[in-house]
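Here is how names work: the chains are called A, B, and so on, in the same order as the sequence lines, proteins then strands, and each is numbered from 1.
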There are 2 protein chains.
Amino acid sequence: MAVTIKDVAHASGVHVSTVSRTFSAAHLVNAETRARVLAAAHQLGYRPNRAARALSTRRTGNLGLIVADIANPFFPPLIKAAQAHARASDHHVFVADTDEQARVEEELIRSMATQVDGALLVASRLSNRVINELSADVPFVVVNRRPPGLPAVLMDVASGARQAVEHLAGLGHREVALLSGPRASWTNQNLERAAAEEAERHGVRLHRLGPNQPTEEGGAAAAPDLLATGATAALAYNDLVALGLVGELRSRGLAVPDDLSVVGVDNTDTARHCDLTTVDMPTAAAGRAAIDLLLRRITSGDAPGTVTLDTRLIVRGSTAPPAG
Amino acid sequence: MAVTIKDVAHASGVHVSTVSRTFSAAHLVNAETRARVLAAAHQLGYRPNRAARALSTRRTGNLGLIVADIANPFFPPLIKAAQAHARASDHHVFVADTDEQARVEEELIRSMATQVDGALLVASRLSNRVINELSADVPFVVVNRRPPGLPAVLMDVASGARQAVEHLAGLGHREVALLSGPRASWTNQNLERAAAEEAERHGVRLHRLGPNQPTEEGGAAAAPDLLATGATAALAYNDLVALGLVGELRSRGLAVPDDLSVVGVDNTDTARHCDLTTVDMPTAAAGRAAIDLLLRRITSGDAPGTVTLDTRLIVRGSTAPPAG
DNA sequence: GGGGAATTTGCAAACGGTTGCATGAACATC
DNA sequence: GATGTTCATGCAACCGTTTGCAAATTCCCC
């Protein structure tokens with residue numbers, strides 16, 4: 001059915017190889033011939049078959065993008081930016097949702113391997129060992145992760161986390177809870193470390209709670225433990241956790257920020273709507289940067305280093321001085 | 001580099017065609033041989049090259065999923081459900097974001113055409129003519145659209161819209177504004193029609209405003225016109241528009257729902273967080289149903305009909321009786 | 001034990017492109 | 001006018017897999 005290079009060759013009276021060159025190495029074909037071929041191609045509605053081309057060139061023009069949960073509002077802006085940026089270089093993006101499960105993640109990457117030139121791993125839950133193993137098949141760029149030897153884009157949550165703790169300390173909070181996220185999350189590790197250091201610096205006592213599911217349910221479920229600590233403020237792994245917590249507190253008759261201050265991480269649209277103080281993550285910039293690194297790695301084969309993007313605190317209405 | 005069928009053939013002492021059959025028509029190969037081939041394949045870490053396979057079979061095992069805006073929280077649950085469902089049938093999903101632009105949408109579909117077996121068009125902005133033209137190249141299933149002759153999954157916003165108007169009328173509102181969305185949106189057309197009918201039935205005057213951008217900015221921008229109408233309640237094209245409106249009203253010193261009731265459409269997570277009354281759209285179910293239709297269409301070639309899913313109003317705190 | 005069917009395998013031609021090499025034409029150089 | 005370049009094109013092999021056809025083997029039945 002589809003019109004192939006052969007049809008174009010026949011229609012324009014040249015060999016298929018000439019047609020091929022017209023599209024992939026135009027300078028090798030005579031201007032006049034090229035015009036004839038292009039006219040025929042256009043008239044027939046010819047479009048090169050990327051899969052077939054990939055067979056010889058070993059370039060599919062596709063990129064993979066692996067995320068833990070598309071429905072987590074942290075990801076869509078990154079996906080969107082990455083995709084738009086990839087499209088500008090004539091690359092398509094395969095988006096895959098791993099459902100936060102390492103096993104699914106691995107399987108998706110494996111089955112995607114032959115169809116992409118490279119992949120972005122965002123907030124991967126895989127072990128470094130597995131990542132390294134897989135990276136033999138597919139060139140990776142990771143986001144918010146630091147497997148040794150792989151190019152990475154990092155949204156350095158530490159800077160924002162320090163600002164958050166400082167902000168809370170400045171408001172007068174002396175007992176702050178940290179609702180941590182998945183153990184395997186690089187962001188979580190950094191968050192924990194930075195928060196602990198900064199708490200120490202300000203003489204704030206930090207109660208670590210977790211790991212929690214990085215979802216609203218996780219945040220809601222953490223409420224009892226949190227209340228038991230006597231903390232007057234909470235810093236959550238991400239906005240979903242923060243909002244889950246806020247919801248649960250409200251349904252227990254507690255007011256935010258009057259009874260308890262809450263800070264999230266990610267600065268999702270939802271946080272903005274809910275007037276949540278949060279750490280802004282430059283997701284769109286990270287998406288673009290990651291695509292840049294990946295394309296550079298693919299085309300020139302070099303393994304470019306690490307890009308670190310700063311984060312910063314956005315103060316909104318969910319934080320206030322402690323009650324009493 | 002990658003291990004191919006040839007390597008497996010060599011390692012197990014059979015012809016490549018036997019290896020091929022082991023994977024795609026196992027019953028044609030002797031049990032003993034099959035075991036040997038599988039062992040070799042496993043040991044070498046062989047994975048069939050889908051792109052190469054696609055060349056002969058004309059089946060890529062990939063599906064396209066075209067959405068207007070991944071960052072609109074309406075889409076991710078649908079994407080997620082569709083993808084999980086597709087994966088269960090060993091299909092991959094190409095997600096593409098059109099940025100609400102018909103031109104981009106068309107181009108994406110065209111360049112995706114050779115790499116997918118079929119595609120889901122969600123809330124397409126293309127004209128029926130273009131959709132039909134493209135559907136010669138790619139089997140489509142559309143969501144929230146009714147191009148004649150194409151299988152469709154419809155989330156019937158009309159039922160929810162009627163409930164919404166009835167709800168507002170019941171609260172005592174007599175002047176309701178409708179903040180409509182993109183002209184090309186099937187959902188918008190249905191919403192307008194159903195709201196108008198139901199308003200008529202309840203003696204409510206409906207002020208149509210729009211078309212508005214289906215974003216928060218669009219909602220915010222509509223505030224002045226809305227206030228000029230003297231309406232005491234607003235029904236918005238979607239939750240984003242509703243929330244944009246709410247934000248703008250608040251910044252003008254107006255309270256929701258005390259001064260004005262607002263109803264959204266989609267029942268996104270954001271709406272839930274913001275306590276917005278809204279029409280629930282069964283996005284996950286629609287995603288699954290659409291994949292079902294698409295796979296059926298692809299495998300058995302028949303063009304199954306239309307699936308309609310009902311919507312219903314979720315009453316929350318953004319609606320109340322009119323002031324005074 | 002001979003004939004036919006069924007089972008298992010190999011061969012080779014596709015699928016739609018790309019690309020190294022060879023051929024041929026046009027042109028310039030001396 | 002012989003020689004050497006450059007440019008444009010064709011030829012054919014190849015990318016990894018599938019599949020119709022034929023050959024070879026085994027099995028069954030009379």
Side-chain angles (χ1 to χ4, degrees), chain A residues 1-38 40-41 44-62 90 110-117 137-138, chain B residues 1-38 40-41 44-62 90 110-117 137-138:
Chain A
M1 318 276 114
V3 21
T4 77
I5 207 174
K6 233 178 257 176
D7 304 321
V8 178
H10 188 255
S12 46
V14 298
H15 195 260
V16 291
S17 56
T18 301
V19 178
S20 172
R21 283 186 199 107
T22 308
F23 286 97
S24 49
H27 61 281
L28 290 181
V29 20
N30 180 283
E32 218 172 290
T33 318
R34 189 192 320 154
R36 220 168 58 237
V37 169
L38 286 177
L44 271 62
Y46 168 73
R47 305 217 126 211
N49 181 325
R50 293 182 143 218
R53 171 179 292 179
L55 217 45
S56 338
T57 60
R58 296 162 170 299
R59 277 293 173 72
T60 62
N62 297 330
D90 199 25
R110 285 230 146 86
S111 67
M112 186 181 263
T114 57
Q115 305 199 76
V116 299
D117 300 334
D137 295 344
V138 194
Chain B
M1 320 280 114
V3 20
T4 77
I5 208 174
K6 234 178 253 174
D7 303 320
V8 177
H10 189 254
S12 47
V14 297
H15 195 261
V16 291
S17 56
T18 302
V19 178
S20 171
R21 282 190 276 258
T22 309
F23 287 97
S24 48
H27 62 281
L28 289 182
V29 19
N30 179 283
E32 218 172 289
T33 317
R34 191 192 317 156
R36 220 168 57 235
V37 169
L38 287 176
L44 271 62
Y46 168 72
R47 307 217 126 211
N49 181 324
R50 293 181 143 218
R53 171 179 291 179
L55 216 44
S56 334
T57 61
R58 302 171 162 292
R59 276 291 174 71
T60 62
N62 297 331
D90 199 25
R110 284 232 146 84
S111 68
M112 184 181 264
T114 58
Q115 305 198 74
V116 299
D117 300 334
D137 295 344
V138 194

task = Starting from C1' on D/dT26, measure out to CD on B/Glu32 and report it in whole angstrom.
result = 14 Å
request  = For B/Gly61 and B/Asp117, work out which heavy atoms get closest and say how close.
outcome  = N-OD2, 2.8 Å
query = How long is the span from the CG atom in A/Leu55 to the CG atom in B/Asn49, to the nearest 0.5 Å?
reply = 6.5 Å
key: For atom CG of B/Leu28 and atom P of D/dA24, their distance in whole Å   = 20 Å
query = Touch check for B/Thr33, heavy atoms < 4.0 angstrom, all strands: base, sugar-phosphate only, or nothing?
reply = sugar-phosphate
request  = Please work out if B/Val14 contacts a base, only the sugar-phosphate, or nothing of the nucleic acid, heavy-atom cut-off 4.0 Å.
outcome  = sugar-phosphate
message = Quick check for you: to the nearest 0.5 Å, what is the distance between A/Met112 atom CE and B/Arg50 atom CZ?
response = 10.0 Å
ask   = Does A/Thr60 reach the main-chain N or O of A/Gln115 with its side chain, forming a donor-acceptor pair under 3.5 Å?
value = yes
note = A/Asn30 atom CG is separated from D/dA8 atom P, nearest whole Å, by 5 Å
B/Arg21 side chain near D/dT17 phosphate (N/O to OP1/OP2, under 4.0 Å) = no
ask   = Does B/Val16 or A/Thr18 map to a spot on DNA chain C nearer the 5' end, using the closest nucleotide for each?
value = B/Val16
ask   = Where does the chain B footprint on DNA chain C start and end, counting 5' to 3' with a 4.0 Å heavy-atom cut-off?
value = C/dT8 to C/dG16
message = Tell me whether A/Thr57 contacts the main-chain N or O of A/Arg53 through its side chain, where contact means a donor paired with an acceptor under 3.5 Å.
response = yes
query = In whole angstroms, how far is the C1' atom of D/dG10 from the NE2 atom of A/His10?
reply = 16 Å
B/Val14 vs B/Arg36 side-chain heavy atoms within contact, under 4.5 Å = yes
Rounded interatomic separation in angstrom, taking NE2 from B/His15 and P from D/dT18 = 13 Å
ask   = Taking only N and O in the side chain of B/Ser20, is any of them less than 4.0 Å away from OP1 or OP2 of D/dG16?
value = no
request  = Would you indicate what B/Ser17 reaches in the nucleic acid, counting non-hydrogen atoms under 4.0 angstrom: base, sugar-phosphate, or nothing?
outcome  = base
query = In residues 45-57 of chain B, which residues come under 4.0 Å of DNA chain C by heavy atom?
reply = B/Leu55, B/Ser56
message = Would the distance check show the side chain of B/Arg21 and the main-chain N or O of B/Val29 forming a donor-acceptor pair, the cut-off being under 3.5 Å?
response = no
Report, one line per pair, each donor and acceptor closer than 3.5 Å where one atom sits in a side chain of residues 2-11 of chain B; sequence neighbours left out.
{"unit_1": "B/Thr4", "atom_1": "OG1", "unit_2": "B/Lys6", "atom_2": "N", "d": "3.0"}
{"unit_1": "B/Asp7", "atom_1": "OD2", "unit_2": "B/Thr4", "atom_2": "N", "d": "2.8"}

